[in-house]
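Working notes for the structure below.
Since the model is a prediction, treat every value here as computed from it, not as a measurement.
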Amino acid sequence: MKNIIRDSVAGFKTLVVGMRVTIDQFFRRPVTVHYPHEALKMPDRYRGHIELVRDPETGKSLCIACKSCEKACPSDCIFVDGLKREGEKRKSATEFTLDFTKCSLCGACVEVCPTDALRFTKSYNLASTQKQSYFFDLMKRMEEQKK
Amino acid sequence: MSGAPLNLTKGPDETFILNLGPQHPATHGVLRIKLTMDGEYVVRAEPVPGYIHRMHEKMGENRTWNQYLPNPSRVDYLSAMAYSHAHVAVAERAAGLEVPPRAEYIRVIVCELNRVSSHLVWLGAFLLDLGGFTPLLYAFDDREMILDLLEGITGSRLTYCYHRFGGVCNDVDDTFVRGTKAFVEHMRPRMKLYRDLVTDNIILRKRLTDIGHISADTCRRYGATGPVIRGSGVPYDVRRNEPYSAYPEFDFDIPVFPEGDCMARYLVRMEEIVQSLRIVEQAIGRLPDGPHIAPKVPKIMKVPPGDYFFATEAARGRFAIRAVSDGKEIPYRIKLRAPSFSNLSLFEEASQGMMLPDALALLGSLDLVIPDIDR
Amino acid sequence: MSFLEIEPFRIALYVVGALAFVGANAAYLVWVERKAAGRFQRRAGPTEVGPAGLLQPVADAIKLMSKQIIVPPGSDALLFRIAPVMVMAPALMCFATIPFSDSIVARNIDVGLLMIFAFGSINVMAVMLGGWASRNKYAIISAARVVSQNVAYEIPMLLTVITMLMVAGTLNLHEIVKQQEAGFWAWNIFRLGTNPLMPVTFVIFFTCMLAETNRAPFDMAEAESELVAGAYTEYSGMGFGVFFMGEYANIVIGCAVATVLFLGGWGSPVGFLPGVWWFLAKMYFLIFTVIWIRWTFPRTQFYGLLNLSWKILIPFSLATLVLTSIVMKIPRMF
């Protein structure tokens with residue numbers, strides 16, 4: 001009998017303690033960020049999908065079409081093609097496409113690139129109803145960025 | 001307090017099948033459990049895994065060692081770091097690569113932070129199974145700090161792909177070191193909050209104490225590891241039993257509770273958070289200088305022929321990779337030993353005769369990650 | 001004879017008033033609950049529809065009303081459709097006897113308290129019928145749970161009510177409040193002279209009220225992490241909407257009765273403001289507590305709930321009953 005009363009009182013006390021915790025949080029500021037209205041800054045190393053880097057001097061891609069990224073990619077989602085233009089010392093890329101439907105954002109391509117011609121973007125809210133819009137033509141994208 | 005003893009010898013027509021999952025709030029993913037019920041009592045629980053099988057082992061056989069780097073973190077997305085660690089470590093052991101001490105320390109720090117974040121998700125989800133909503137949000141608030149820290153150094157929030165053969169891909173910066181110290185400071189009072197709000201709560205105690213007994217013997221028979229076996233009184237922890245990386249250099253305890261009920265597993269995990277914080281604090285305090293990755297790591301990893309094995313202590317238990325190499329760029333065979341699979345397999349035996357809510361509490365206390373079961 | 005005392009007008013006014021009050025409460029308590037839940041969890045709650053999300057209930061109502069009510073094939077269509085009505089109708093009836101102030105009461109009947117508890121029990125039957133008629137295993141488990149839960153909780157609840165009846169000596173809610181009008185020391189919860197366990201009685205009553213209205217931590221019937229949505233699993237559109245409104249209407253009634261029985265109804269502790277505001281303030285404070293409890297505790301286990309009822313609540317409520325009768329009778333014997 002005495003035990004039951006003691007246990008009940010002790011149990012009731014834990015409930016009151018719990019309620020004190022939540023009411024304490026009730027009067028604090030929310031910690032959430034209201035996404036479409038305000039967005040957090042992505043960290044520098046954020047791994048979005050890749051894009052080509054332009055050579056600041058020539059304005060062209062740094063890519064030498066060595067196809068290391070194509071080989072390194074675990075998901076087989078990069079396609080590079082290039083040729084050696086006349087008057088140039090090495091090959092340059094003519095086509096660079098990324099199949100983002102397969103990409104797992106592992107960053108193997110960026111790491112393996114010998115000329116640092118690839119970098120991560122910071123875009124994270126990609127959405128589309130068409131599969132086609134995830135086949136990125138990175139050359140075209142780079143050209144558009146120039147403008 | 002688990003109700004009256006149940007007579008299980010009734011005819012089959014007095015039971016009914018309750019299909020729990022593949023979509024059910026308590027299975028946290030696409031696990032299906034076929035329950036044969038007698039009223040609210042579980043007569044037989046038959047887990048039906050396989051809904052999210054992605055052939056991670058087979059994928060290991062058709063891609064190079066390097067290309068497999070992103071995969072382990074997707075097996076158990078909640079403790080990705082320990083999984084990646086096992087993968088790179090098995091190759092390092094095979095190829096005889098020396099890992100610089102700084103890299104080992106960083107690996108330990110990120111693994112332990114990852115363990116804390118994994119246990120916080122478990123805490124929230126488990127309480128959600130038990131009908132308490134609010135702790136989930138508090139746990140995610142804390143976990144967010146860890147994710148921010150890890151995102152800062154790895155660039156990703158969940159499937160980090162941070163480990164490389166011979167080290168890690170990025171060095172940690174001052175922001176991370178400061179942030180981690182601040183997080184450890186922040187987490188200590190939060191543990192008191194969890195104790196007041198959750199652990200000491202009489203409703204929770206009544207729901208978990210003496211519910212879902214798993215004996216040490218059962219754990220051994222099914223190969224259960226991690227907090228499940230430590231909640232049954234067996235002090236088995238890979239970090240102690242087969243020390244790897246820099247773990248022998250740190251001072252930490254292996255929490256063991258002998259009761260074997262849901263409360264014991266709950267307490268093991270809560271205590272593990274504290275111990276992980278201790279490890280993180282020590283490691284960040286004496287982080288050695290040096291390179292974060294071994295010099296002269298071959299660009300394309302090749303492993304001499306042989307049969308290799310490496311185990312790590314993931315948040316859910318012992319994760320091990322067995323890799324058979326025939327000397328080519330591509331491993332001959334990759335076998336993943338996932339802790340959730342073994343932990344789930346004892347559910348059928350352990351849940352017999354339990355009431356439905358208790359069985360779900362037991363399921364929650366096993367802390368299953370479904371992709372980890374199916375691989 | 002004033003306009004209000006003419007019978008048909010009075011009834012019409014009552015019907016409109018009760019419907020409006022219940023409707024507005026059910027709709028906006030959802031908003032309050034979501035906002036409060038947000039604050040308890042360090043979130044903002046609804047913010048998008050209207051200022052501070054105030055139009056959210058309207059949007060919800062439009063959405064629910066525009067949805068089809070699907071009657072699952074093979075279910076008992078009649079019972080399936082009646083069940084939501086049976087949750088809502090008794091709740092509306094109960095409003096007839098609740099005295100919001102000295103003058104605002106729809107029908108001041110002498111057996112008001114009895115009527116509220118009589119109608120209050122129908123709620124449980126409705127949830128059971130809804131679950132039973134759904135032809136869904138989860139719903140049937142929920143239906144079975146709700147019945148045994150109710151049996152366990154009606155007893156301690158009625159025992160505390162009997163205690164209060166002995167103190168008050170009447171079933172008329174208006175009268176009960178009148179007796180407590182002197183000041184807050186006269187409120188039943190503080191009348192320790194009559195029964196030193198009065199606050200305990202209040203806690204028991206409040207706990208049983210939570211269980212009666214299927215609120216967390218006693219929401220066995222809904223238990224979404226176990227039974228998906230329990231008895232409401234198969235309900236869609238306004239079928240679900242009415243259940244939902246009925247749940248809030250029952251909370252409002254429960255808290256109103258608690259206010260009348262224990263907290264002195266419209267009686268003001270300090271003396272300013274008209275009584276009706278005090279009544280609403282006390283009632284909404286209790287409702288806030290109900291919300292507060294829901295967002296703090298995990299759900300109790302089913303047999304845990306029965307244990308609580310039979311091993312703790314019933315003995316304690318019997319104790320208060322016996323104690324009260326002793327305190328009241330003994331002085332008269334000498």
Residue selection (most heavy-atom pairs with chain B, distance under 4.5 Å) from C/K137, C/Q41, C/R42: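 Sorted descending by pairs with chain B, the first entry is C/Q41.
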Polar side chain donor-acceptor pair, B/S79 to B/D76, under 3.5 angstrom: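 Looking only at side-chain atoms, B/D76 and B/S79 do form a donor-acceptor pair, the distance falling under 3.5 Å.
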Between B/D142 and B/Y194, a side-chain donor and acceptor under 3.5 Å: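 Yes - a donor-acceptor pair under 3.5 Å links their side chains.
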Atom CZ of C/F288 with >12 non-hydrogen neighbours under 6.0 angstrom: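 Correct, the count exceeds 12.
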Sole residue of C/R294, C/R299, C/R145 in salt bridge (charged side-chain N to carboxylate O under 4.0 Å, His left out) with C/D219: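 Going through the options one by one, the only one that passes is C/R299.
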Heavy-atom pair count under 4.5 Å with chain C, highest-scoring of B/L18, B/L360, B/N201: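 Most heavy-atom pairs under 4.5 Å with chain C: B/L18.
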Leading residue by heavy atom contact count with chain C [cutoff under 4.5 Å; candidates B/L127, B/L197, B/D129, B/V198]: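 Most heavy-atom pairs under 4.5 Å with chain C: B/D129.
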Which bit of [X] comes within less than 4.5 Å of chain C, counting heavy atoms only: side chain, backbone, both or neither?
X	result
B/F133	both
B/L20	both
B/L204	both
B/L130	both

Residues B/R32, B/N19; criterion side chain to side chain donor-acceptor pair (under 3.5 Å); working and verdict: CA-CA 7 Å; B/R32 175 176 168 223; B/N19 204 3; 2.8 Å; yes
Output field: ring centroids C/Y232/C/F244 closer than 6.0 Å: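 So the answer is no for these two rings.
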